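What you are looking at is a predicted structure, and each value in this text was computed from that prediction instead of being measured.
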Amino acid sequence: MSCNPSKRPAVKVLSIIRSSPRRDAVIGLLALNSWLTEGETNGRELDYIQLIPTDSKLSTMVITVESLPGCAKERLINGDVSIERELVAARIEEWKEGSDCPKAQVIRMLGRAEEIEPQISAVLFEHAISAANFSSDSLSCLPNAPWKIPAEEYETRKDLRNTCTFTIDPASAADLDDALPFEKVSEKVFRIGVHIADVSRFVLPDTALDREARIRSTSVYIPQHKLLMLPPELSEQACSLVPGEDRLAFSISWDTDDTGNITGRWIGRSVIRSCCKLSYDDAQDIIDGGFEVDVSGKTGPKLHGQFELKDVVDSLRSLHGITKKMREIRLRNGAFWIEIPKIVFLFDESGNPCDSLLGVRKESSFLVEELMLLANRSVAEVISKAFPGCALLRRHAEPKSMKLKEFEEFCRKRGLELDASSSGKLHLALPKMREKLKTDPVLLQILLARAARAMQLAVYFCTGDLRGREDEWAHYGLSIPLYTHFTSPLRRYPDIVVHRTLAAVVEAEEAYAEKRQSCAASDGIGNRCFTGLYFDEEAAESEEGREALVCAAVRYGVPASEVVSEVAAYCNERKRAGKHVEQSAENVYLCALLKNKEVMFSDARVLRVGSTFMTVYINKFAIERRIYFGEVEGLTVEWIRTTGTLVLDTLKTKPLREVIFLRSAV
């Protein structure tokens, strides 16, 4: 393989280790013609029907009529042939060796195949994404409503309610798990930070709620559907950092100058109160100069508490200036920036897609992103040093050399000489490519999408599994040595595990400081032995330090390395499943939109042509699709091999001037 990096390796299956989960997630259509199974041809027609999977890679299956759900069986008996047009969810029960037709069992009927909701249900079933209500055992773990912060929490946490704090989220968001504080300490020192909902205070280890959250692993958001990891009583009420209410948070504060240089850090549990909820559009208006201080506030964001609109405007603009410099530094240090437009659907009053547009992120999004990246990086540094054998981190490996060569060749055919022979050179090449294609934004988007395909997926991992191989912990896309997920505990289970680990570090630090009578546990943002800017390895390796870390790990349920490895592997699989669901749901809504429109026009860029197909990039949807000529009614095709030219015509009788010519090099 090292001698032939451009060739794909061939393999041979030696054995089957375990059954595929796809056996339990079959989607298909029933066919009512009678069926005889192998070895049962004694002249008697059996009560079997066929199941035709929607996935063409799966074999036709057989189902006993007796095993059908009651309503489906009754419809068959009554001769209702419309059942053939309904999607069914099924699982394979038996597949005998040598048989081409496995026996399956229908779990439930989903609905008419041409309708959106049954298709969405099918997508969720295929990827084991739960749309069910939370169990009664999980709900019994929730605090009584309305929940109020107990008095002891105010005594043991840092009170940050008097700092100007606000949230920036989509306008419709109800699960607000991060808030942004800002404080001007002096003329040259600014205190920025993030407050993250303290979800681990409510989701305790090994409870029914914890187990169900772990199984769900992630919240999944698709148009008109919100599939939550935690009950809304937590994610949208007790834990949500809604304005005007005291909330428990896990906070990180950084002291920085106006150039983005960080001089101090504090991490700990706190009580906060947001003064307003900003949408991304609100925040962008403020950044762009809107919401001036003389506005009465009637048309602006609703304010709560002691802070005025001027405080929010000044804080946000200062925060934007600092994070913009931080972003510039991060990109100069080699971080990737591959921005792919995302399609956004518009719906009519009946809930059907009626149009679409491409969502483009603005400066307000980058502001929030920069702070979240900094928080995740800071937490990764702390927990990986305090618990080097069982920290849950996130790594991103370098692209495969074969993928880089494919991308390099794709660029070369479009007149761009790009050196992608190594991941490091690709880092340097992308900014140059952006500069060169300023006048051709469509080609730039195509190339960035192709560059994203060359990347490997980022994954969770346990540090104990890669001890001695710390270079493999790095995050290639962000160009940093350590990274984790800490900022979305309402939506990602790994963040809850990271919160528990960080809580143990904070408590161990306080216990160690108390024993050593150190000032490190003070409320200031100064040096702290474990969570400050510089980790004190001598303190961590001392007898007092080790004892404090072990006791805190037990108290907060920090999992052993074997458990962290299992959580990482499972959450990786669930994250991939969630991504596939989002992509499949997007296709469902796109198909419904195109079906509802008799004609839809869009510019497109031809990427490749062949004798039977062409690949096009459709600007309106920012997608790449292959069109097979044989599937287009009334289309005649002539392929001139000598010149690599394709001639398309919708009618043979049309004059030559209306014929379309395409060259394969386009």
> Determine, for Asp206 against Arg211, whether the closest basic-nitrogen to carboxylate-oxygen distance falls under 4.0 angstrom.
no

> Looking only at heavy atoms, which two atoms of Gly244 and His304 are closest? And how far apart?
CA-CB, 3.6 Å

> Show your reasoning for whether salt bridge (charged side-chain N to carboxylate O under 4.0 Å, His left out) applies to Glu370 and Arg330.
CA-CA 9 Å; Glu370 205 60 37; Arg330 187 168 58 82; 2.8 Å; yes

> In terms of side-chain geometry, is the basic nitrogen of Asp258 or Lys188 positioned less than 4.0 Å from the acidic oxygen of its partner?
no

> So, Asp257 and Thr259: side-chain donor and acceptor under 3.5 Å apart, yes or no?
yes

> Going from CD1 on Ile196 to OG on Ser488, what distance comes out if it is rounded to the nearest 0.5 angstrom?
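Here the interatomic distance stands at 7.0 Å.
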
> Could you walk me through whether Asp198 and Arg157 pass the salt bridge (charged side-chain N to carboxylate O under 4.0 Å, His left out) check?
CA-CA 12 Å; Asp198 193 357; Arg157 292 170 178 261; 2.6 Å; yes

> Please determine whether a side-chain nitrogen of the Lys or Arg among Glu212 and Arg216 lies less than 4.0 Å from a carboxylate oxygen of the Asp or Glu.
yes

> Side chains of Arg467 and Ser561: do they bring a donor and an acceptor to under 3.5 Å?
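The criterion, which ignores hydrogens and geometry beyond distance, is not satisfied for Ser561 and Arg467.
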
> Report yes or no: do Tyr460 and His485 form a side-chain donor-acceptor pair below 3.5 Å?
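A pair is found: one side chain offers a donor N or O, the other an acceptor, under 3.5 Å apart.
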
> Do the side chains of Glu153 and Arg269 get close enough for a salt bridge, i.e. N-O under 4.0 angstrom?
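Looking at Glu153 and Arg269, the cut-off is not met.
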
> Is the gap between the ring centers of His499 and Tyr556 under 6.0 Å?
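No, ring centres 6.0 Å or more apart.
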
> Just by distance, with hydrogens left out, do Thr487 and Asp178 show a side-chain donor and acceptor under 3.5 Å apart?
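Side chains of Thr487 and Asp178: no pair found under 3.5 Å.
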
> Could you check whether Gln456 and His396, counting side-chain N and O atoms only, form a donor-acceptor pair closer than 3.5 Å?
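Judged by distance alone, the side chains do not pair up.
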
> Which heavy atom of Ile215 sits nearest to which heavy atom of Tyr570, and what is that distance?
O-OH, 2.5 Å

> Residues in salt bridge (charged side-chain N to carboxylate O under 4.0 Å, His left out) with Arg161, at least two apart?
Asp159, Asp246

> What's the separation between atom CG in Leu533 and atom CG in Asp255, rounded to the nearest 0.5 Å?
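These two atoms lie 9.0 Å from each other.
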
> If we ignore hydrogens and angles and just use 3.5 Å, is the side chain of Ser365 paired with the main-chain N or O of Arg361 as donor and acceptor?
no

> Please tell me whether Thr207 and Asp210 have a donor and an acceptor in their side chains that are separated by less than 3.5 angstrom.
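Distance-only check fails for Thr207 and Asp210.
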
> Answer yes if the ring centres of Tyr476 and Phe336 are under 6.0 angstrom apart, and no otherwise.
yes

> Could you list all the salt bridge (charged side-chain N to carboxylate O under 4.0 Å, His left out) pairs where at least one residue sits in residues 141-150, not counting sequence neighbours?
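Passing the test, one end in residues 141-150: no pairs.
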
> Taking all non-hydrogen atoms of both residues into account, name the closest pair between Trp266 and Leu160 and its distance.
CZ3-CD1, 4.4 Å

> Donor-acceptor pair, distance only, cut-off 3.5 Å: does the side chain of Arg265 make one with the backbone of Thr531?
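A pair under 3.5 Å: yes.
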
> So Trp147 and Phe202, would you call those rings parallel, tilted or perpendicular, with 30° and 60° as cut-offs?
perpendicular

> Taking all heavy atoms of Asn162 and all of Gln306, pick out the closest pair and write down the distance.
OD1-OE1, 3.4 Å

